[in-house]
Amino acid sequence: MAQREPIQLPGLEEAGRHHHLCLLYDGEEEILTPVVPFIQKGLSLGERCLYLHGGEETLERVLKNAVLGQKHDIGALKLLPVEECWLKGGSFTPKSVIELLASLSAMASTDGFRATRVICDMGWAAGDPSLTALLIEFELLLNRLAEQLDVTILSLYRRRAFPAEVILELAKLHPQLVVAGKICPNPLFVPAGHAPRRSRSDGELDLLLAVSQLCATAAAERERMRQELEQAYAALARKIYENWQEEDTLKASEKRLQEQDDLLLEHRRRLQTILQHLPAVMLAFDREGSVSACNHEFERITGFRPEEVMGRQMRELFHLSGEGAEEVLEAHPEEGGHYRGREWELRCKDGSLRSISWSNISRYVPIQGWANWITGLDVTPRIDAEVGLKSLSSELEARTCELELFGHAVSHDLSSQLAKIGAHCALMQELHAPALTPQCRELLSSIQQATLEMVGRINALERLTTLASAEMEPEEVDLTAMAREIAEWLRKSGERSVTFRIEEGVRARGDRRLLRLALEQLLENAWNYTAAVPAPVIEFGTVVAAGERSFYVSDNGPRPPLLPPDPAGCRKLHAEHLCCGIGLATVQRIITLHRGRIWAARESEQGGTLCFTVEGRGEPQSWQETAPQEVVM
């Protein structure tokens, strides 16, 4: 049954324009409660409020204080004394008051106000029966004024200040009445010109008819409520019957819940068994931080029996310093903690310490009675291994440093001796050239050339030894700019014209120093192969091999015949080909440090191509030519 909403009547402050209302009151509360909001509403809507004094001292005092309290008086609230409105000229003339109100309304519109609200306090006319006819005439004129102008008029009458019959006659002249702060239509109001003035008998007859109509309406309403009550009783009976049916359903549900509770209890027992036999340390603490439970792994690692640790404080089980103790307490609040991988040392019964990596998920997986329950893995073997590994690393680093120093010393001694041999050969050729046979001069030149080559190989071997202990410093490297710098250096040192085709925008991530050394070796290798070529060309760029980006260095220098290519069309360099020189061995070492690979994609009498990757994996499958930018050096 739908519930009927009560009729909501508008309050006095919601009165609209062209309304003429009457408020009959006895005490101060009955006039202040509705009238003050009525004025405040008008001011908030941008309307001018006019109060015509009449004798209500409390309301007059409140409004005067409101006017004096305005910081910026714009004339929104005006108070007119009795002498300036009601008794202007020495006596009460309704038409003159109406003319005054009309002029004030027009002035409000000129001043920018949207409308005018007029409060007529009629207390000044109390106790003078001769003014009754003038008051009736004035109220009729107010009705006409409200219809013609944008005004809202409220007339105030104190009931005890006027005879009852006068109040009744004046109340009939208002279209609306204010009752309990609400605007109600006046059933006794008859608009002017709609019906002739009736006699007292006619008025009583109309009142009788109206009361009879109300009684009939009340009887109909009572019958309607009786029917609704019967319907409610029927609905209640149906609901009771439905509740009886639901009772059996609830009993069945209770049975299922009991079965589920039994399953939950069994599940909890299994969970406790799992926690007890978990291959990790488990500890549970109550809100005071005392031990509530532990598992078998805790007993195995520490040697404590459960009864020996129950009730002990958390700080007694951990080996902690001052700051560490505070950290442990903060990580285990009463509402449960949440952390992973925090390492704290656990005291054992024999006095030893075990490093445990603890985790706490109590905040998200709460268990009744356990404010915090934590699990831990024994990482003591790992820490011991890390200490040993660190010691071995330090020893290896020291031995590597010694080996490097030894290599530098050997390289320096050999290089100096070979340089001396070369210098002696050159001096012999210079001093005794005429006395030497051509064969001797050729042998001296061969010895001098061999010493120079040996010095170069020793320097390359020294660089290769240095790479064994080098630390990688990866960064973004512009290989295009680096290749151009090396090409310019080769051109100046070699003093011959070579066409370099270097692709734009080639970049890689790696160690800048190592990548430059590798690129120098590859381009110098290509430079040497093209020494006897009439129009030498060296290329550097990128290519897609086996679905990944690779780099290549190519030249048109002839190569001695090697093994035929494999069926895939791309042959990986074997040790005898790639490492035929220490320089290429150095390149292979650098590429390996960058987790890449290097292979020969093409070697023939028309030239050769070496491909390599940086941070790549897998074997290349095909060779694809690119179109790098040509630079003639």
Side-chain angles (χ1 to χ4, degrees), residues 8-87 97 101 104-105 108 113-128 131 135 138-139 142 146 151-164 166-168 170-171 173-186:
Q8 298 291 338
L9 296 175
L12 177 58
E13 66 276 6
E14 302 298 331
R17 301 175 187 177
H18 309 294
H19 281 189
H20 181 200
L21 307 101
C22 178
L23 172 61
L24 305 177
Y25 65 95
D26 282 329
E28 295 179 355
E29 183 178 356
E30 293 183 5
I31 186 173
L32 292 178
T33 302
V35 173
V36 172
F38 173 75
I39 296 175
Q40 292 175 343
K41 183 68 174 182
L43 296 177
S44 65
L45 294 177
E47 299 177 357
R48 171 171 284 174
C49 296
L50 304 175
Y51 174 67
L52 280 62
H53 291 211
E56 186 56 51
E57 297 178 356
T58 303
L59 179 60
E60 181 179 348
R61 184 169 59 254
V62 170
L63 296 180
K64 283 184 177 180
N65 293 335
V67 172
L68 294 176
Q70 292 180 355
K71 294 182 179 180
H72 304 287
D73 187 8
I74 59 174
L77 177 61
K78 288 184 173 295
L79 309 180
L80 302 179
V82 177
E83 294 78 9
E84 294 183 7
C85 54
W86 301 118
L87 302 178
V97 178
L101 294 178
L104 291 175
S105 177
F113 292 96
R114 295 183 177 180
T116 306
R117 293 197 176 197
V118 181
I119 301 94
C120 298
D121 186 356
M122 312 305 292
W124 62 274
D128 191 351
L131 297 176
L135 291 177
F138 176 69
E139 293 293 347
L142 285 180
V151 296
T152 305
I153 303 175
L154 175 63
S155 298
L156 306 178
Y157 289 96
R158 182 183 288 271
R159 295 183 59 178
R160 297 181 181 179
F162 294 89
V166 174
I167 287 292
L168 179 60
L170 293 173
L173 302 176
H174 296 80
Q176 293 90 17
L177 300 176
V178 180
V179 180
K182 304 295 182 179
I183 300 176
C184 303
N186 188 354

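Quick note: residue numbers are just sequence positions, from 1.
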Taking the side chain as every heavy atom from C-beta outward, state whether Glu29 and Thr33 have any atom pair closer than 4.5 Å.
yes
Is the Lys NZ or Arg CZ of Arg117 less than 6.0 Å from the centre of Phe38's six-membered ring, within 45° of the axis?
yes
Please check if the side chain of Arg158 supplies one atom and the backbone of Asp26 the other of a donor-acceptor pair under 3.5 Å.
yes
For Ala146 against His20, the heavy-atom pair lying closest together:
CB-CB, 4.3 Å
Quick check: are there more than 12 heavy atoms from other residues, nucleotides or ligands sitting under 6.0 Å from CZ of Arg17?
yes
Glu13 side chain reached by Gln40 side chain, heavy atoms, under 4.5 Å:
no
What distance do Tyr51 atom OH and Leu63 atom CG have between them, rounded to the nearest 0.5 Å?
6.5 Å
Residue pair Leu154 / Leu12: nearest heavy atoms and the distance that separates them:
CD2-CD2, 3.9 Å
Quick check: closest heavy atoms across Cys120 and Ile153, and the distance to 0.1 Å?
SG-CG2, 4.3 Å
Mind listing the closest non-hydrogen atom pair of Pro81 and Cys85 along with its distance?
O-SG, 2.9 Å
Please verify the inter-ring angle class for Trp124 with Trp86; under 30° counts as parallel, over 60° as perpendicular, anything in between as tilted.
parallel
Would you say the side-chain atoms of His19 pair up with the backbone N or O of Thr152, donor to acceptor, closer than 3.5 Å?
no
If we ignore hydrogens and angles and just use 3.5 Å, is the side chain of Asn186 paired with the main-chain N or O of Leu173 as donor and acceptor?
no
As a test of understanding, state which of Leu59, Val178, Leu21, Leu52 forms a side-chain contact (heavy atoms from CB on, under 4.5 Å) with Leu156.
Leu59
What are the two closest heavy atoms between Leu177 and Ala171, and how far apart are they?
CD2-O, 3.9 Å
Using side-chain contact (heavy atoms from CB on, under 4.5 Å), reason through Leu43 and Cys49 one step at a time and then give a plain yes or no.
CA-CA 7 Å; Leu43 296 177; Cys49 296; 4.0 Å; yes
Could you tell me if His53 and Glu84 have a donor-acceptor pair between their side chains, going purely by distance under 3.5 Å?
no
Determine whether Leu50 and Arg48 make a side-chain contact, defined as any pair of heavy atoms from C-beta on separated by less than 4.5 Å.
yes
Using only heavy-atom distances, determine whether the side chains of His174 and Glu139 contain a donor-acceptor pair under 3.5 Å.
yes
Search all heavy atoms of Tyr157 against all heavy atoms of Cys22 and return the closest pair with its distance.
CD1-SG, 3.9 Å
To the nearest 0.5 angstrom, please state how far the CG atom of Leu131 sits from the CZ atom of Phe138.
12.0 Å
